[in-house]
Amino acid sequence: MSITNQEIARILYEIGEYLDMQGVAFKPRAYEKAAETIESLQEETTDIYKRGGLKAVEDIPGVGVSIAEKIEELIKTGRLKYYDGLKKKTPVDLSELTAVEGLGPRKIKLLYQKLGVKNLKDLERVAKTGKISKLEGFGVKSEENILKGIEFVKKSGGRFILGFVMPEIRMIENRLRALRGIKRAEAAGSVRRRKETIGDADILVVIESKPPAFAKATAGKVMDYFVSMPEVVRVFAHGETKSAVKLKNGMDVDVRVLPEESYGAALNYFTGSKDHNIALRQLAVKKRYKLSEYGLFDGKKQIAGRTEEEIYRALGLDYIEPEMREMTGELEAAQKHTLPKLIGYKDLKGDLQVQTKWTDGSNSIEEMAEAAMAKGLEYVAITDHTKRLAMTGGLDDKRIQKQWEEIDGLNDKWQMANRKFRVLKSTECDILKDGSLDLSDEILAKLDVVGVSVHSNFNLSKREQTERVKRAMKNPNVDIIFHPTGRLIQRRESYEVDMGELIKTAKETGTVMEIDAFPDRLDLKDQHIRMCVDLGVKMTIDSDAHAVNHFDVLEFGVAQARRGWAKREDIINAWPLEKMLGFLKKW
DNA sequence: GCCGTTTTCGGCCCGACTGTTTTCAGTCG
């Protein structure tokens, strides 16, 4: 069993946090950096090691001799003595405790030493009995905040951010598909509806049903294979047609084997949403049919069920995409044939939020552009941070002009080589507390695209926050509001802001609202997207990429847009470059 | 612990906010 990049990264992150606890300087950041890089590597580190040994591992940026040796030990033995030693000294559940907003390594150490807090349960106990407020460095307020933080963690607990677990789900789907006798394997449920977070994954499998004996043997083999996959840590059920396991990452996965003639009905049933299914069954009853996971029946006779399409058709409905099955009007629209044609997963032509090495990205402008090209995109906007975000080395008026030279050089190069690709001069400019911007108007006016966003003063009143963003929108240079609500899924609620008013203002000012596709942002939320669609406010789906492989997240932005009923016409970066720029210029 | 088109040793990591403070530590982006 070989260790994954994610697992290596987790251990390196934790080492960084342990060192931070001890007050060690600089090393924590070094481990963190190494973890970040490894997390976003294309190739598995174990493969890199197999291919080129310790030397090749040292070539990973941010990994030097010391960390490379630790990775080697992890690969060879599955353990790391250094990490075990740190863990023994302060045996706390770091991932659980750091998930509480406002708790970092230092406070966790104090809580462990003074109150023996090892995990979330301990933390809640001592917070509820008022012990934390009496601790030096803590007070009533921080105790309150910890309790609030715990509630938030608990509420989001047990769910997984779709974009972060999707690779693992796809890997399992693909492995099952590769087995002999398997015709289909597909995750249903909230995975298929592309919800922001999922509780578990239900994978449906169809096998060749020809000789029944062969089918039965195949089903058995699928089940045996599934429960013995390397990442399985617990088997809840291991039956003939259904098995359920828990994976190393904590996620539960079910597999069901189905006959082909029921596949559509089962897919529909297991995809949900529950309310959507109930409504479909009621509709079936009205037509004197019966709908179950085995099919649509008229008496004993199955009249549909092999595909979802034929079920919807038999019920007098247009086909409803899984992302719309949330009972927000999709059935009525399907009856009246007014469902929108949703933006497709391959429709994006550009990406209007991309960070590079100039600030907190990991790759150069050229590397990011090449990666975008490889993804089939035709343009990207380079949107490095501005000086207010000092920790990223944010650009000021001067440095951003330096960046333009590099961009001009690349565009010239591709033009000469007859490659159809364009890098746009852009920014992720900070909206300051009063709604003014972090770059001068003179500079902003020279950019191809101006994106702005809130990164500070999250705690303004709703009125102040709304006015702040509105002021930015009214600046004629501003084109796009990036991640408009500022929420981080499972970590931080949105700041207080009147989204209805912002979207209305966007309509008046021609401002584009972003759908940030990063899996823990997905910001706008689906209901805001729907508001934009209804009002005719345009949107952009951006990766917010900080590394070359981050363009993969665009699909989750498209999913979010589809959940908000967005069409291709609603999304400006699904348009050709000239049309997109023309639109921005007009406003 | 990492890194070098200023450097192989001496730099990295800046500013705001919060809650606890009476001059600052911890956290976050």
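In what follows, every chain begins at residue 1, and chains take the letters A, B, ... in the order their sequences are listed. What you see is a predicted model, and the numbers here were worked out from it, not measured in a lab.
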Novice: Please classify the nucleic acid contact of A:Lys387 as base, sugar-phosphate, or nothing, using heavy-atom distances under 4.0 Å.
Specialist: nothing
Novice: In whole angstrom, give the distance that lies between atom CD of A:Glu58 and atom C1' of B:dG4.
Specialist: 16 Å
Novice: To the nearest Å, how far apart are A:Leu110 CG and B:dG19 P?
Specialist: 18 Å
Novice: Could you check how far CD1 of A:Ile146 sits from P of B:dG26, rounded to whole Å?
Specialist: 14 Å
Novice: The test is ring pair (Phe, Tyr, Trp, His ring centres under 6.0 Å); show your working for A:Phe518 and A:His550 and say whether it passes.
Specialist: CA-CA 8 Å; A:Phe518 223 79; A:His550 286 168; 5.1 Å; yes
Novice: Of all the nucleotides listed (B:dT27, B:dC12, B:dC28), which has the minimum atom distance to the side chain of A:Phe26?
Specialist: B:dC12
Novice: Using a 6.0 Å distance limit plus a 45 degree cone around the ring axis, check whether A:Lys87 lies over the aromatic ring of A:Tyr18.
Specialist: no
Novice: Should the ring pair A:His546 and A:His385 be called parallel, tilted or perpendicular, given that the plane angle runs from 0 to 90° and is split at 30 and 60?
Specialist: tilted
Novice: Which heavy atom in A:Tyr379 sits nearest to a heavy atom in A:Asn573, and how many Å separate them?
Specialist: OH-CA, 3.3 Å
Novice: Considering every strand and a 4.0 Å limit on heavy-atom distances, what is the contact class for A:Asn145: base, sugar-phosphate, or nothing?
Specialist: sugar-phosphate
Novice: For the side chain of A:His455, counting heavy atoms from C-beta on, which of B:dG1, B:dT20, B:dG29 is nearest?
Specialist: B:dG29
Novice: Could you give the distance separating B:dT20 and B:dA25 at their C1' atoms, to the nearest angstrom?
Specialist: 9 Å
Novice: Could you tell me the separation between the CG atom of A:Asp520 and the C1' atom of B:dC28, rounded to a whole number of Å?
Specialist: 14 Å
Novice: When you get a sec, tell me which of B:dT20, B:dG29, B:dC2 is the closest nucleotide to the side chain of A:Leu488?
Specialist: B:dG29
Novice: Would one find a side-chain N or O of A:Asn457 under 4.0 angstrom from OP1 or OP2 of B:dA16?
Specialist: no
Novice: How many Å lie between CZ on A:Arg106 and P on B:dC24, as a whole number?
Specialist: 16 Å
Novice: So if I take every side-chain heavy atom of A:Ile67 and compare against B:dT27, B:dG29, B:dC2, which nucleotide ends up nearest?
Specialist: B:dC2
Novice: Please state whether the rings of A:Tyr495 and A:Phe458 are parallel, tilted or perpendicular, taking 30° and 60° as the class boundaries.
Specialist: parallel
Novice: Out of B:dG1, B:dT20, B:dA16, which nucleotide sits closest to the side chain of A:Lys70?
Specialist: B:dG1
Novice: If you measure from the C1' atom in B:dT5 to the same atom in B:dG1, how many Å do you get, rounded?
Specialist: 23 Å
Novice: Separation of A:Ile38 atom CD1 from B:dC2 atom P, in whole Å?
Specialist: 11 Å
Novice: Within the 4.0 Å heavy-atom criterion, would you say A:Lys107 contacts the bases, only the backbone, or no part of the nucleic acid?
Specialist: sugar-phosphate
Novice: Closest nucleotide of DNA chain B for A:Pro105 versus for A:Glu136: which of these residues is on the 5' side?
Specialist: A:Glu136
Novice: Just the rounded figure in Å: distance from P of B:dA25 to NZ of A:Lys141.
Specialist: 22 Å
Novice: Of all the nucleotides listed (B:dG26, B:dG29, B:dC2), which has the minimum atom distance to the side chain of A:Leu389?
Specialist: B:dG29
Novice: Could you tell me how far B:dC13 sits from B:dC2 if I compare only their C1' atoms? Round to whole Å.
Specialist: 15 Å
Novice: Sticking with atom C1', work out how far B:dT6 lies from B:dC12, rounded to a whole angstrom.
Specialist: 15 Å
Novice: In the strands shown, is B:dC17 matched to any nucleotide by a Watson-Crick or G-U wobble pair with both distances under 3.5 Å, and which?
Specialist: B:dG26
Novice: Heavy atoms only, 4.0 Å cut-off, all strands: where does A:Pro28 land among base, sugar-phosphate and nothing?
Specialist: nothing
Novice: Base, sugar-phosphate, or nothing for A:Leu19, non-hydrogen atoms under 4.0 angstrom?
Specialist: nothing
Novice: To the nearest Å, give me how far apart OH (A:Tyr495) and P (B:dA16) are.
Specialist: 19 Å
Novice: Looking at A:Asp384 and A:Arg399, does any basic side-chain N land under 4.0 Å from a carboxylate oxygen?
Specialist: no
Novice: Just checking A:Ser456: base, sugar-phosphate only, or nothing, at a heavy-atom cut-off of under 4.0 Å?
Specialist: nothing
Novice: Which nucleotide in the list B:dT20, B:dT27, B:dG1 gets nearest to the side chain of A:Tyr31?
Specialist: B:dG1
Novice: Given B:dG19, B:dT27, B:dG29, which nucleotide is nearest the side-chain atoms of A:Ser142?
Specialist: B:dG19
Novice: Nearest-nucleotide wise, let me know which of A:Arg388 and A:Val140 is further upstream toward the 5' end of DNA chain B.
Specialist: A:Arg388
Novice: Heavy atoms only: give me the nearest A:Arg10-A:Tyr83 pair and the separation to one decimal.
Specialist: NH2-OH, 3.6 Å
Novice: Could you check whether A:Val24 gets within reach of a base, just the sugar-phosphate, or nothing at all, counting any heavy atom under 4.0 Å?
Specialist: nothing
Novice: Taking atom P in both B:dT27 and B:dT21, compute the distance separating them and give it to the nearest angstrom.
Specialist: 15 Å
